Amino acid sequence: MRIVPTLLIALSLALAGCSTTGGQPDPNDPTADLRNAEVIERVQNNGDVIQEYRVNGQLKVVKVTPRRGPTYYLMDDDGDGFPDEASKDAKVYWKLFDWN
């Protein structure tokens, strides 16, 4: 019956790893590095939540949280005030999992 202690140790380590991840910024979140960003939030008729992150009035990131489906981010890397979704080099970040 050595399996039970080994299983308990593995389960304890897994739970300890999950509990230590809270409170730290997500390295895959493009909004984590924005300092003094103004967040403008609106809810679409279909229930989607759209948050615009602006620094000094300039659009940097748009975070879209659909009523159904994963959260994704649209970036404005060229500084024109519009998300770069129309270009072939558009950066769209999908957040598939969240432990919070």
Side-chain angles (χ1 to χ4, degrees):
M1 293 301 260
R2 287 177 89 61
I3 295 175
V4 173
T6 305
L7 183 61
L8 286 174
I9 290 171
L11 182 61
S12 298
L13 289 173
L15 290 175
C18 290
S19 67
T20 59
T21 60
Q24 298 174 359
D26 182 0
N28 297 321
D29 183 354
T31 64
D33 292 336
L34 298 177
R35 303 285 182 240
N36 302 321
E38 176 187 5
V39 181
I40 301 168
E41 182 176 306
R42 65 182 186 276
V43 180
Q44 300 292 90
N45 291 337
N46 63 0
D48 293 355
V49 178
I50 298 176
Q51 295 174 307
E52 294 181 359
Y53 289 79
R54 296 179 178 271
V55 177
N56 297 325
Q58 185 176 7
L59 180 70
K60 295 293 184 181
V61 178
V62 176
K63 178 180 178 182
V64 181
T65 307
R67 187 170 58 98
R68 294 183 183 155
T71 298
Y72 61 94
Y73 301 88
L74 301 171
M75 312 297 291
D76 178 25
D77 288 329
D78 59 8
D80 65 354
F82 299 98
D84 299 332
E85 62 183 325
S87 72
K88 65 177 182 172
D89 297 326
K91 292 182 182 177
V92 177
Y93 294 90
W94 296 85
K95 186 172 187 177
L96 299 177
F97 298 102
D98 189 5
W99 299 110
N100 297 327

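Just so it is clear, the structure is predicted and the values come from calculations on it, not from any experiment.
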Could you state the interatomic distance from [atom1] ([X]) to [atom2] ([Y]), rounded to the nearest 0.5 Å?
| X | Y | atom1 | atom2 | result |
| --- | --- | --- | --- | --- |
| T65 | Q44 | OG1 | CD | 11.5 Å |
| E52 | E41 | CD | CD | 11.0 Å |
| N36 | R54 | CG | CZ | 16.0 Å |
| Y53 | L34 | OH | CG | 8.0 Å |
| K60 | D76 | NZ | CG | 7.5 Å |

Please report the closest heavy-atom contact between [X] and [Y], naming both atoms and the distance.
| X | Y | answer |
| --- | --- | --- |
| N46 | D48 | OD1-N, 3.0 Å |
| I50 | V62 | CG2-CG1, 3.8 Å |
| T71 | P66 | CA-CD, 4.1 Å |

* For N56, does the CG atom have more than 12 heavy-atom neighbours from other residues, nucleotides or ligands under 6.0 Å away? ->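 Count not over threshold, so no.
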* To do: Give the cluster check for V55 versus Y73: same hydrophobic cluster or not, with ILVMFWY residues linked at side-chain heavy-atom distances below 4.5 Å.
  =>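 In one cluster with V55: Y73, yes.
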* Asked: Would V39 and V61 show up in the same hydrophobic cluster when neighbours are defined by side-chain heavy atoms closer than 4.5 Å?
  ->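 Yes, V39 and V61 fall within the same hydrophobic cluster.
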